[in-house]
Amino acid sequence: MATLTAGALGKMVKDSPPGLQAVLQVINLKKIAANGANDRYRLLVSDGEATYSHVMLATQLNTMMENNEIDALCVIRVNRYLCNTIQQDKRILILLDLEVLRKGSEVKEKIGNPTQLKLDAAGSAPAPQQDQPPPVQETSCRAAPALARPPLNPARIAGGNNATSPMQSSNSFGAKRPQAGPGTPGSDRVHKIATLTPYQNRWRIRARVTQKSNIRTWSNSRGEGRLFNVNFLDESGEIRATGFNDAVDKFYELLEVNKVYYVSRCSLKTANKQYSNVKNDYEMSFNNDSVIEKCEEEVDLPCMTFDFVPINEMEKHPAKSIVDVIGVVKVCNDLSTVIGRQSQKEITKRDLQIVDQSGSAINMTLWGSDAQSFDGSSHPVIAVKGASLSDFGGRSMSVLASSQTIVNPDIREAHMLRGWYDREGANMDFSTFKSDGMSGGGTSWKTFGQVVQENLGQGEKADWFTTKATLMHLKKDNCMYQACPTENCNKKLVDQGNGMWRCEKCQREFPNYKWRMILQATLSDFSGHQWVTSFQESAETLLGVKADELGDMRQNNEAAFDQVFQQALFKDYVFKLRAKVEVYNEESRLKTVCVAATPVDYTQYGKHLVEEIQKMGL
DNA sequence: CCCCCCCC
């Protein structure tokens, strides 16, 4: 029988001496599904005297689980480990390197009579959750919501949870009560959202629903189904929850915005921050075991928290990130429609310009019913939780279906904005994001390095950007052609050899032609380089001659023609470029078109650089 | 397990 390293677990958890090796028995193991690819394994281990359950396998050892090398009751030697403290006082052992000394299938039984590891106050390890919630910015709001979705009843936005719906005679759904139900002293305690982790089994929160999505369907290569999201909020923090398929039927009607619920037995996994700005490292999904009960008592829980980003700081946040914003609607444009590139359907939209005390303005687009129901006629204050940032025009914003919009919220920030705008803001000039760029004209500045880093042009549609670069190389061959003289027809003509040229598009022959340019060039900056194609106007700028002159030179004065190319090299311009990946002979490459080239205005470019430096926050 | 959110 193998000998375990008695007392090892206490040392590992409390002092974590480096180099400590310990022979331990794995009593039990369990898979914790994280974001798809990265499953984690949690172990209950024993050193013969004590057991410890906050033990995780480092992901690089996952294969030992997957090929059943580590099984229940096996004896392992831990060669390397870490002890992480998470959420105040919880200590998690992470096993980094281990070998299996004996398979559990041979050992067959628990070694010794270990009891749960106890730690003194100094060790302060996994005490049952006594966690005090960290202070949290809390904005309770009594507001008149203006947008139709999701249903927010103004009468209920604050205060108790006393609003009832006739539909809601039964308020408990899901499986039986948790074993630790009401009446079981101690176990009935309510946990704080901020203390939830995937590493604990038993918890119950009491939280207000602050946001609720519509039911959506999805269909992709991994399957199809229905889902909805809600956000829960308590004094300690917030968490996003998702209900899939059956959970939609079970919980969608029960969960109402602004009401309070007891929630337990849901799955927790690490949150993908890309898709929400809910301040939690984890998110939950409802499963067959989950229990959600309406809380009937009056409880004083916050209604909504915001983490407002001042408008002038929007450039510090990357495009596509999700932020909260509050501002006064300075301009409310009429409804308009666009055709969705993907859906090919007509979509209603409304553009707003909102401003705040930072002196900056930003464009914000509302879509669909949000756009239709919006009334901006009185320059209201608008607060949006979870709007998405885009880099169109430097920076602009879009209100998503998952965003929460509140018009004239009864919060401090809104009152301050109202007073400021009525006093002075209405007559102020605001800086807009597009005005930063010289010939930038609505596209953001990128270096070639950033173009690669940020995968520009890899998406469905082309990405536009502005850059200052040096003209490093020009391709002389085929840089121009004889084009149809008909206005707006730039088709290449076929030389008939008899003094006539034929346009296949116009189905006509002409005695004359016009020169058109397609110039291939390499541009370079400190971070990289890029092949680009320039057409007529921008090519003329780069070469410093008109196409007609150049065509003349090519035919009559080859030396002059060559010299144009020599002189053009190594000059700097500000380029407006359009990039899109195209697949050509099974090879994909970034096709970049020069939409405009302008000589560098160094005063303005210097200002741009200063702004970039300021954005770095140095 | 979704995560699309549209246009210039």
Side-chain angles (χ1 to χ4, degrees), chain A residues 33-39 147-150 211-231 240-248 252 266-278 283-288 290 319-323 333-353 362-372 384-405 432-434 440-444 459-466 576 578 595:
Chain A
N35 262 339
N38 282 330
D39 288 334
L147 301 185
R149 168 260 351 122
Q211 295 186 62
K212 174 179 163 183
S213 75
N214 293 325
I215 299 168
R216 287 174 296 140
T217 57
W218 88 88
S219 170
N220 60 30
S221 57
R222 286 186 293 279
E224 55 183 63
R226 295 177 303 144
L227 72 119
F228 75 105
N229 294 108
V230 288
N231 287 355
R240 195 163 87 125
T242 308
F244 292 102
N245 303 318
D246 290 353
V248 176
Y252 187 78
C266 303
S267 313
L268 281 153
K269 62 164 191 168
T270 47
N272 192 338
K273 300 278 186 180
Q274 197 186 334
Y275 302 119
S276 87
N277 67 333
V278 168
E283 58 187 34
M284 59 170 76
S285 54
F286 305 135
N287 58 48
N288 285 332
S290 298
K320 294 178 184 157
S321 63
I322 306 282
V323 297
N333 287 294
D334 291 339
L335 286 175
S336 58
T337 56
V338 292
I339 305 294
R341 185 179 285 264
Q342 208 108 326
S343 63
Q344 291 299 313
K345 281 186 197 148
E346 196 172 80
I347 309 144
T348 307
K349 70 156 191 165
R350 186 193 297 277
D351 283 317
L352 309 178
Q353 189 192 45
I362 194 165
N363 191 78
M364 182 151 89
T365 306
L366 305 175
W367 301 96
S369 58
D370 286 350
Q372 276 159 351
V384 183
K385 187 180 173 65
S388 94
L389 264 181
S390 110
D391 59 7
F392 181 76
R395 275 289 179 280
S396 55
M397 308 190 78
S398 203
V399 175
L400 309 178
S402 57
S403 309
Q404 183 78 38
T405 307
T432 58
F433 288 96
K434 68 175 61 133
T443 67
S444 58
E460 272 299 305
K461 53 181 181 179
D463 284 312
W464 294 63
F465 63 97
T466 299
K576 191 168 172 181
R578 188 181 65 219
V595 181

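Only this structure's heavy atoms are used, side chains among them; waters, hydrogens and symmetry mates stay out. Labels below follow one simple rule: chain letters A, B, ... track the order of the sequence lines, proteins then strands, and each chain is numbered from 1.
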CD1 of Ile215(A) versus C1' of dC4(B): gap in Å, rounded?
17 Å

Give the nucleotide from the list dC4(B), dC1(B), dC7(B) with an atom nearest to the side chain of Val338(A).
dC7(B)

Taking only the side-chain heavy atoms of Arg240(A) (C-beta and beyond), determine which of dC7(B), dC3(B), dC5(B) contains the nearest atom.
dC3(B)

What nucleotide among dC2(B), dC7(B), dC8(B) has an atom nearest to a side-chain atom of Glu283(A)?
dC2(B)

dC3(B) OP1/OP2 closer than 4.0 Å to side-chain N/O of Ser402(A)
no

More than 12 foreign heavy atoms under 6.0 Å from NZ of Lys273(A): is that the case here?
yes

For Gln344(A) and dC5(B), what is the distance between atoms CD and P respectively, to the nearest whole Å?
15 Å

Mark this stacking check for Phe244(A) against dC1(B) as yes or no, applying ring centres under 5.5 Å and ring planes under 30°.
yes

How long is the line joining CD1 of Ile339(A) and C1' of dC5(B), in whole Å?
16 Å

May I ask you to evaluate whether Lys269(A) reaches the phosphate of dC1(B), defined as a side-chain N or O under 4.0 Å from OP1 or OP2?
yes

Assign Thr365(A) to base, sugar-phosphate, or nothing according to its heavy-atom contacts below 4.0 angstrom with the strands shown.
base

Whole-Å distance separating the CG atom of Asn363(A) from the P atom of dC6(B):
12 Å

Output yes if the stacking criterion (under 5.5 Å between centres, under 30° between planes) is met for Phe392(A) over the base of dC8(B), else no.
yes

Given atom CZ of Phe228(A) and atom C1' of dC5(B), what is their separation to the nearest angstrom?
20 Å

Would you kindly give the CE-to-C1' distance between Met284(A) and dC3(B), to the nearest whole Å?
18 Å

Check if the side chain of Arg226(A) and the base of dC1(B) share a donor-acceptor pair of N or O atoms closer than 3.5 Å.
no

Please indicate yes or no: is the ring centre of Trp218(A) less than 5.5 Å from the centre of the six-membered base ring of dC2(B), with the two planes inclined by under 30 degrees?
no

Just how far is it from atom OG of Ser398(A) to atom NZ of Lys349(A), taken to the nearest 0.5 Å?
9.0 Å

Starting at CD1 of Ile322(A) and ending at P of dC4(B), how long is that distance when rounded to a whole Å?
11 Å

Any idea which of dC6(B), dC5(B), dC2(B) is nearest the Ile347(A) side chain?
dC6(B)

Please tell me whether Thr242(A) and Ser285(A) have a donor and an acceptor in their side chains that are separated by less than 3.5 angstrom.
no

Whole angstrom is fine here: how far is it from CE in Met364(A) over to P in dC5(B)?
18 Å

With heavy-atom distances below 4.5 Å as the criterion, would you say the side chains of Val338(A) and Trp367(A) are in contact?
yes

Check whether any side-chain heavy atom of Phe286(A) lies under 4.5 Å from a side-chain heavy atom of Asn245(A), and answer yes or no.
no

Given dC2(B), is OP1 or OP2 found less than 4.0 Å from the side-chain N or O atoms of Asn220(A)?
yes

N or O in side chain of Arg216(A) less than 4.0 angstrom from dC5(B) OP1/OP2
no

Applying a 4.0 Å non-hydrogen cut-off, can you work out what Thr242(A) is touching in the nucleic acid: base, sugar-phosphate, or nothing?
base

State, yes or no, whether a side-chain contact exists between Tyr275(A) and Ile322(A) at a heavy-atom distance under 4.5 Å.
no

